[in-house]
Amino acid sequence: MSRYFTDEHEWIDVDGDIATVGITDYAQEQLGDIVFVELPAEGAKFDKGDDAAVVESVKAASDVYAPISGEVVEANAALEEEPALVNSDPEEDGWFFKLRIADTAELEGLMDEAAYRKFVAGL
Amino acid sequence: MTMLKEGRPTRPVALAQDKATANPTITGNKALMLEEALIFEIGSHETTGVDIAPAPQVKSRLGGLERRKPIALPGLSEPETVRHYTRLSRQNYGIDLGFFPLGSCTMKHNPRLNEKMARLPGFADIHPLQPQSTVQGALAVIHELAEWLVTLTGMHSVAMSPKAGAHGELCGLLAIRAALEARGDARSVVLVPESAHGTNPATAAFCGYAVEDIPATPEGRVDLAALKARLGPDVAAVMITNPNTCGLFERDLRTISEAVHAAGGFVYCDGANFNAIVGRVRPGDLGVDAMHINLHKTFSTPHGGGGPGSGPVVFSEALSPYAPLPFVEKTADGHVLIEEETAGEHHAGSFGRMVAFHGQMGMFTRALTYIMSHGADGLRQVSEDAVLNANYILRSLEDVLDAPFAASGPCMHEALFSDKGMAEGFTTLDIAKGLIDEGFHPMTVYFPLVVHGAMLVEPTETEGKAALDQFIVALRSVAQRANAGDAALKGAPYFAPRRRLDETLAARKPVLVWTEPEAVAEAAE
Amino acid sequence: MRYLPLTDTDRSAMLNVIGVQSIDDLFMDVPVEAQLATKIDGLPDHASELAVERHMGKLARKNMVAGDVPFFLGAGAYRHHVPASVDHLIQRGEFLTAYTPYQPEIAQGTLQVLFEFQTQVARLFGCDVANASMYDGSTACWEAIGMARRITRRGKALLSSGLHPHYVSVARTMARFTGDQLVYTTPRVDAEPDIQTLIDAIDGDTSCVVVQYPDILGRIGDLSALAAKAHAAGALLIAVVTEPVALGAITPPGDMGADIVVGEGQSIGVGLQFGGPYLGLFACKQKYVRQMPGRLCGETVDAEGKRGFVLTLSTREQHIRREKATSNICTNSGLCALAFSIHMTLLGERGLTDLAALNHARAVQAAEALEAVPGVRLLNSSFFNEFTILLDQDAREVARALADRDILGGVSLGRLFPDAAELSGGLVVAVTETTTEDDIAALCGGLKEVLA
């Protein structure tokens with residue numbers, strides 16, 4: 001399993017043809033207390049860059065983009081009851097949704113962890 | 001993902017040296033400041049504060065749909081009711097109590113004559129569907145107010161029915177869309193400045209338009225070159241607020257209008273800030289095609305804790321044929337209300353009806369009373385005093401608070417400050433909460449979005465110099481504390497009915513209605 | 001000028017502090033050609049309280065006051081007695097002159113009222129939650145249709161023929177621009193509401209069915225089967241209540257399965273006011289709360305752990321979501337919501353039940369008396385406090401002729417449905433606790449004369 005990062009502060013774990021997507025620790029810290037996550041329906045199909053989810057703090061609602069194209073196979077139901085998971089454990093239990101990857105070539109050019117940490121440090 | 005963050009804490013932080021309430025009382029009351037429980041906790045289903053005559057015995061005609069279970073509505077007797085709401089009222093800040101410099105909201109004094117006139121039975125106790133011969137005075141009020149609004153704005157006509165400012169925006173954009181459709185011109189984009197009220201893009205999107213931002217110049221105005229470059233056959237309208245939300249007059253509006261018209265589009269002006277120019281500038285002279293007027297801002301109808309508002313829309317000649325129903329016309333035989341029944345011949349282009357009846361009549365009587373009280377001379381004095389008061393505040397505080405556009409000249413009716421220069425960890429929110437302890441309602445905070453940690457102060461013309469001076473002393477002190485990093489400020493307010501409230505908790509686990517404690521306990525099991 | 005505190009001495013002192021010579025210097029950013037050199041021509045100057053009062057009083061006296069004559073108008077606005085304490089309390093400056101409660105520490109009064117109001121509305125409608133109010137019933141109705149579209153992702157709304165025609169007009173205006181498909185016909189002259197027709201019309205494209213209860217002709221029908229059919233087809237049932245006093249007597253729509261219940265709250269606490277400001281009521285099932293338009297007040301705690309209230313779930317609203325907001329609505333109808341809530345608190349369960357019983361009984365008396373007038377036929381098999389009578393003449397003319405006799409006898413269907421010739425003999429008659437037996441006798445007598 002390998003983990004990629006985007007410059008939109010999302011992470012992607014790839015396991016076979018399934019990608020798990022969430023937002024990074026840096027992102028959750030910037031957003032503050034998360035109060036609600038609107039997740040995509042199973043079966044929804046996204047092109048890379050489409051609006052896929054919405055994450056809400058008290059004062060702001062931010063769109064989460066599909067980092068790669070694919071079809072949603074599962075959304076993290078735990079976030080509906082416990083949106084705070086995105087704050088407490090953004091890069092593990094606070095994942096958003098899983099996609100069946102349409103085109104693995106889209107993974108090329110994404111950052112690895114080291115590159116992302118460096119990217120964040122430069123912001 | 002987008003990274004929208006506002007830097008605004010939404011849950012209170014516990015402070016070590018918190019000046020927690022000394023000498024707590026057993027009741028939670030603090031002398032004149034009385035706690036008040038919910039009606040669901042103090043009322044009962046048997047109590048009533050209204051004596052109703054017994055119903056005559058008749059055979060029910062309810063079609064077998066008689067209510068079968070209780071509604072669970074608590075009642076209070078009249079003395080308990082009066083006390084409940086009087087106590088609650090005392091937990092509110094209002095203009096009657098003190099200075100309320102909420103930028104962009106125009107919290108001016110609400111004259112009591114307005115209230116008295118709106119309550120005359122001839123206005124308060126008439127039905128919207130009475131035969132027109134029985135409501136000639138009411139139709140005359142609508143018509144007289146309409147004439148004042150058209151004259152004051154230099155426009156061609158006015159739609160009176162929109163219920164609030166945002167509803168007026170909708171009215172204006174629907175007329176623009178109807179006008180474009182009538183000439184078979186499908187345009188898809190509305191341009192909105194970055195500094196606009198959030199309602200502008202929301203309204204444009206609601207009318208089916210794609211919204212694009214117009215950038216601002218470093219001095220806080222619309223970037224004319226960028227706007228001109230974007231104009232084209234796909235642009236339906238440009239929405240501009242003037243004076244804008246940074247409190248500055250859009251000098252180039254006339255040029256903008258000409259360019260927009262040349263490109264086949266329309267100019268919508270958000271009239272929320274009309275108070276700054278009423279009697280001195282007519283939007284019609286600037287090429288505006290549609291503008292809403294918030295009667296609850298410029299024309300002093302009360303805000304009532306969040307409405308009702310009233311948002312008549314003035315139109316240029318080009319848009320007038322598309323204005324909504326109903327409206328009032330004056331004829332030789334008296335005033336006529338043009339509705340669906342009579343509109344066909346007169347007004348075939350109307351885009352339709354926006355509300356069930358004729359608009360906010362109660363606000364029309366108040367606004368007309370206010371306008372007549374001021375007259376042409378007084379209204380001009382209104383805008384002059386409003387602008388004078390704002391500039392006095394701007395110049396009296398720019399040495400302790402960053403004023404991003406102060407160098408470029410005077411402001412209009414509101415003064416804009418930012419959080420630049422405050423000590424690490426101190427924000428605009430701390431200034432607002434500090435002002436509460438000093439006995440003032442805070443200014444508008446975190447708006448407009450184009451300025452970091454914005455503070456928008458709109459004093460209005462109904463404040464005297466003494467009130468402004470008091471406010472300046474208070475804000476100066478609070479700003480100095482924020483600049484110096486006075487930790488106690490983070491805990492403010494200390495003296496309000498409540499301390500800072502946990503908005504995160506409210507949003508994560510929304511409790512929107514009261515539930516009997518037994519029911520809550522059962523649900524938890 | 002009595003509303004302007006600055007004196008000329010103040011003004012010059014302030015100009016000094018600012019560092020300019022004159023007021024005109026503060027308007028330097030306004031191009032000279034756009035400025036008016038003097039006050040606007042042709043408008044009167046300022047006027048004393050006395051002068052304004054005379055003018056407004058003169059206009060007010062040109063209107064026929066509902067309370068001065070036998071009065072039977074309804075059709076979406078109802079005349080009820082409002083207790084004196086309601087108007088006294090809403091005029092407290094802390095309510096009247098407050099703004100939207102954006103600073104909750106100093107707006108707990110407004111916020112607690114909204115929380116109580118939301119609970120009262122939800123309970124009255126038989127729903128889980130309610131918002132802090134909307135502009136009026138017609139706009140609340142349209143907002144509900146839009147909400148159903150967002151939830152079902154379908155665009156066809158079935159509007160009952162019994163829905164207030166002005167509400168239909170408002171929805172049509174909006175739908176023209178949003179692309180929603182609205183299926184609607186004018187009502188038939190029928191003793192029963194059109195529930196079976198609606199049931200038969202529901203299909204897989206239907207987003208919602210909108211049904212008024214009691215309907216525009218005053219008819220009442222059981223909504224349970226309609227709700228069941230809508231839900232089976234994946235559609236929502238929206239019920240519209242224009243006379244909330246009715247729910248003191250009849251089963252609320254939420255109890256019959258309605259997903260969204262909206263209404264006009266004017267009849268409780270607000271008064272007629274020639275059509276506005278009124279009060280849009282909006283309630284729904286808990287599971288749809290995040291798709292709800294308008295402001296919401298929620299309970300929370302403050303830094304000391306005390307219960308308090310805040311505006312919440314505001315990320316749905318325009319000032320945050322901008323073009324992605326659930327609605328462009330910015331204002332609610334706060335002061336009218338306060339009036340409604342105070343009146344409802346004074347009534348309580350017992351008062352509302354008694355009030356509804358009295359309204360119904362008076363209406364039954366009136367219907368029976370009118371049926372005895374030659375040339376008058378009662379349409380409804382069921383009604384609450386409003387029913388339709390059928391005349392063998394154009395009811396618009398009859399209503400005007402009654403007005404000439406100082407009787408406001410009802411709302412003619414010709415005014416509401418100008419294009420439906422078959423309805424022209426219909427007169428909608430509303431009867432409330434304010435109607436006396438003498439009023440009923442006067443209406444019967446007037447009709448006898450006019451119809452003779």
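Letters A, B, ... are given to chains in the order of the sequence lines, protein chains preceding strands, and every chain is numbered from 1. What you see below is based on every heavy atom in this structure, not just the backbone, and it leaves out hydrogens, waters and symmetry mates.
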Engineer: Hey, are the side chains of C:Leu59 and B:Phe123 touching, using non-hydrogen atoms and a 4.5 Å cut-off?
Structural biologist: yes

Engineer: With a 4.5 angstrom heavy-atom cut-off, which part of B:Ser60 approaches chain C: side chain, backbone, both or neither?
Structural biologist: both

Engineer: Given the options B:Val58, B:Asn391, B:Ile126, which has more heavy-atom pairs under 4.5 Å with chain C than any of the others?
Structural biologist: B:Ile126

Engineer: I'd like to verify something: which residue of B:Glu463, B:Arg68, B:Arg90, B:Glu36 has the highest number of heavy-atom pairs under 4.5 Å with chain C?
Structural biologist: B:Glu463

Engineer: In terms of heavy-atom pairs under 4.5 Å, which option from B:Glu461, B:Lys59, B:Arg395, B:Gln360 contacts chain C the most?
Structural biologist: B:Gln360

Engineer: Determine yes or no for a side-chain-to-main-chain donor-acceptor pair under 3.5 angstrom, with C:Ser382 supplying the side chain and B:Gly63 the backbone.
Structural biologist: no

Engineer: Are B:Leu388 and C:Leu15 close enough that some pair of their side-chain heavy atoms sits under 4.5 Å apart?
Structural biologist: yes

Engineer: State, to 0.1 Å, how close C:Gln103 and B:His441 come at their nearest heavy-atom pair, and which atoms those are.
Structural biologist: CG-CE1, 3.7 Å

Engineer: Can you find a heavy atom in the side chain of C:Gln35 that is under 4.5 Å from one in the side chain of B:Asp285?
Structural biologist: no

Engineer: Taking side chain as everything from C-beta outward and backbone as N, CA, C, O, which of these in C:Leu89 sits under 4.5 Å from a heavy atom of chain B? Side chain, backbone, both or neither.
Structural biologist: side chain

Engineer: Would you mind telling me which of B:Ala140, B:Ala53, B:Ala376, B:Pro324 has the largest number of heavy-atom pairs within less than 4.5 Å of chain C?
Structural biologist: B:Ala376

Engineer: Which atoms of B:Ala204 come close to chain C, meaning under 4.5 Å heavy atom to heavy atom: side chain ones, backbone ones, both, or neither?
Structural biologist: neither

Engineer: I'd like to know if the side chain of B:Asp377 reaches the main chain of C:Asp45, judged simply by a donor and an acceptor atom lying under 3.5 Å from each other, with no hydrogens or angles considered.
Structural biologist: no

Engineer: Looking at every non-hydrogen atom in both residues, tell me the closest pair between C:Ala34 and B:Leu286 and how far apart they are.
Structural biologist: CB-CD2, 3.5 Å

Engineer: Side chain from CB out, backbone as N, CA, C, O: work out which of these in C:Arg79 comes under 4.5 Å of a heavy atom of chain B, or both, or neither.
Structural biologist: side chain

Engineer: With a 3.5 Å distance limit and no angle check, can you tell me whether B:Thr48 reaches the backbone of C:Leu347 through a side-chain donor-acceptor pair?
Structural biologist: yes

Engineer: Check whether any side-chain heavy atom of B:Phe100 sits under 4.5 Å from a side-chain heavy atom of C:Thr97, and report yes or no.
Structural biologist: no

Engineer: Measure from NZ or CZ of C:Arg176 to the centre of the six-membered ring of B:Phe351, then state whether that distance is under 6.0 Å and the direction lies within 45° of the axis.
Structural biologist: no

Engineer: Compare every heavy atom of C:Gln120 with every heavy atom of B:Ile39, then report the nearest pair and how far apart it is.
Structural biologist: CD1-NE2, 3.4 Å

Engineer: Below 4.5 Å from any heavy atom of chain B, which atoms of C:Val411 appear? Answer side chain, backbone, both or neither.
Structural biologist: side chain

Engineer: What part of C:Leu247 gets closer than 4.5 Å to chain B, counting heavy atoms only: side chain, backbone, both or neither?
Structural biologist: both

Engineer: Would you confirm whether C:Arg123, through its side chain, and B:Ala72, through its main-chain N or O, come within 3.5 Å as a donor-acceptor pair?
Structural biologist: yes

Engineer: Quick check: closest heavy atoms across C:Gly298 and B:Leu512, and the distance to 0.1 Å?
Structural biologist: CA-CD2, 4.1 Å

Engineer: Which of these, B:Lys433, B:Arg500, B:Arg498, sits in a side-chain hydrogen bond (donor to acceptor under 3.5 Å, both in side chains) with C:Glu105?
Structural biologist: B:Lys433

Engineer: Please classify the contact of C:Val301 with chain B as side chain, backbone, both or neither, using a heavy-atom distance under 4.5 Å.
Structural biologist: both

Engineer: Examine whether an atom of B:Glu115 lies under 4.5 Å from a heavy atom of chain C, and if so say whether it belongs to the side chain, the backbone or both; otherwise answer neither.
Structural biologist: side chain

Engineer: Treating C:Thr119 as the side-chain partner and B:Val513 as the backbone partner, does any N or O pair qualify as donor plus acceptor under 3.5 Å?
Structural biologist: no

Engineer: What part of B:Thr47 lies closer than 4.5 angstrom to a heavy atom of chain C: side chain, backbone, both or neither?
Structural biologist: backbone

Engineer: Quick check on B:Arg380 against chain C: is it the side chain, the backbone, both or neither that has a heavy atom closer than 4.5 Å?
Structural biologist: side chain

Engineer: Side chain, backbone, both or neither: which part of B:Asn110 has an atom under 4.5 Å from a heavy atom of chain C?
Structural biologist: side chain

Engineer: Let me know if B:Arg254 has heavy atoms under 4.5 Å from chain C in its side chain, its backbone, both or neither.
Structural biologist: neither

Engineer: Does the side chain of C:Tyr3 reach to within under 4.5 Å of the side chain of B:Val382, using non-hydrogen atoms?
Structural biologist: no

Engineer: Considering only heavy atoms, which portion of C:Leu73 lies under 4.5 Å from any heavy atom of chain B: side chain, backbone, both, or neither?
Structural biologist: both

Engineer: Given a strict heavy-atom distance threshold of 4.5 Å, which part of B:Leu120 is in contact with chain C: side chain, backbone, both, or neither?
Structural biologist: side chain

Engineer: Looking at B:Leu174, B:Ile436, B:Thr369, which one has more heavy-atom pairs under 4.5 Å with chain C than the rest?
Structural biologist: B:Leu174

Engineer: Sort B:Met372 into side chain, backbone, both or neither according to what part of it lies under 4.5 angstrom from a heavy atom of chain C.
Structural biologist: both

Engineer: For residues C:Gly76 and B:Phe357, report the shortest heavy-atom separation together with the two atoms involved.
Structural biologist: O-CE1, 4.0 Å

Engineer: Heavy-atom distance under 4.5 Å to chain B: side chain of C:Asp68, backbone, both or neither?
Structural biologist: neither

Engineer: Is B:Leu76 close to chain C through its backbone or its side chain, or both, or neither, when contacts mean heavy atoms under 4.5 Å?
Structural biologist: both

Engineer: For C:Thr345 and B:Tyr85, which I'm curious about, is there any donor-acceptor pair between the side chains at under 3.5 Å?
Structural biologist: yes

Engineer: Less than 4.5 Å apart, side chain to side chain, heavy atoms only: is that true for C:Ile106 and B:Asn92?
Structural biologist: no

Engineer: Determine whether B:Met354 and C:Val170 make a side-chain contact, defined as any pair of heavy atoms from C-beta on separated by less than 4.5 Å.
Structural biologist: no

Engineer: Could you tell me which portion of B:His109 (side chain, backbone, both or neither) has an atom closer than 4.5 angstrom to a non-hydrogen atom of chain C?
Structural biologist: side chain

Engineer: Would you mind checking which part of B:Arg67 comes under 4.5 Å of any heavy atom in chain C, side chain (CB onward), backbone (N, CA, C, O), both or neither?
Structural biologist: both

Engineer: Quick check on the 6.0 Å ring-centre criterion: do C:Phe274 and B:His127 meet it?
Structural biologist: no

Engineer: If only atom types and distance count, is the side chain of C:Arg92 paired as donor or acceptor with the main-chain N or O of B:Ser89 below 3.5 Å?
Structural biologist: no

Engineer: What part of C:Tyr278 gets within 4.5 angstrom of chain B, counting heavy atoms only: side chain, backbone, both, or neither?
Structural biologist: both

Engineer: For B:Arg353, does its backbone N or O pair with a side-chain atom of C:Thr173 as donor and acceptor, under 3.5 Å?
Structural biologist: yes

Engineer: Side chain, backbone, both or neither: which part of B:Leu248 has an atom under 4.5 Å from a heavy atom of chain C?
Structural biologist: neither

Engineer: Which of the residues B:Gly362, B:Ser44, B:Ser396 is involved in the greatest number of heavy-atom pairs with chain C at under 4.5 angstrom?
Structural biologist: B:Gly362

Engineer: Nearest 0.5 Å, what's the CD-CD1 distance between C:Glu349 and B:Ile71?
Structural biologist: 4.5 Å

Engineer: Does any backbone or side-chain atom of C:Val310 lie under 4.5 Å from a heavy atom of chain B? Answer side chain, backbone, both or neither.
Structural biologist: side chain

Engineer: Can you tell which part of C:Glu433 gets under 4.5 Å to a heavy atom of chain B, answering side chain, backbone, both or neither?
Structural biologist: neither

Engineer: Give the minimum heavy-atom separation between C:Leu358 and B:Pro56, together with the two atoms involved.
Structural biologist: CD1-CD, 3.9 Å

Engineer: Counting only N and O atoms by type, is there a donor-acceptor contact under 3.5 Å from the side chain of C:Arg415 to the main-chain atoms of B:Gln130?
Structural biologist: yes

Engineer: Test your reading of the model: is there a side-chain donor-acceptor pair from C:His360 to the backbone of B:Arg61, 3.5 Å cut-off?
Structural biologist: yes

Engineer: Side chain from CB out, backbone as N, CA, C, O: work out which of these in B:Phe40 comes under 4.5 Å of a heavy atom of chain C, or both, or neither.
Structural biologist: side chain

Engineer: Does the side chain of B:Pro302 reach to within under 4.5 Å of the side chain of C:Phe95, using non-hydrogen atoms?
Structural biologist: no

Engineer: Given heavy-atom pairs under 4.5 angstrom as the criterion, report whether the side chain, backbone, both or neither of C:Leu408 touches chain B.
Structural biologist: side chain

Engineer: For residues C:Arg2 and B:Ser373, is any side-chain donor paired with an opposing acceptor at under 3.5 Å?
Structural biologist: yes

Engineer: Contact part of C:Pro104 toward chain B, heavy-atom cut-off under 4.5 Å: side chain, backbone, both or neither?
Structural biologist: both

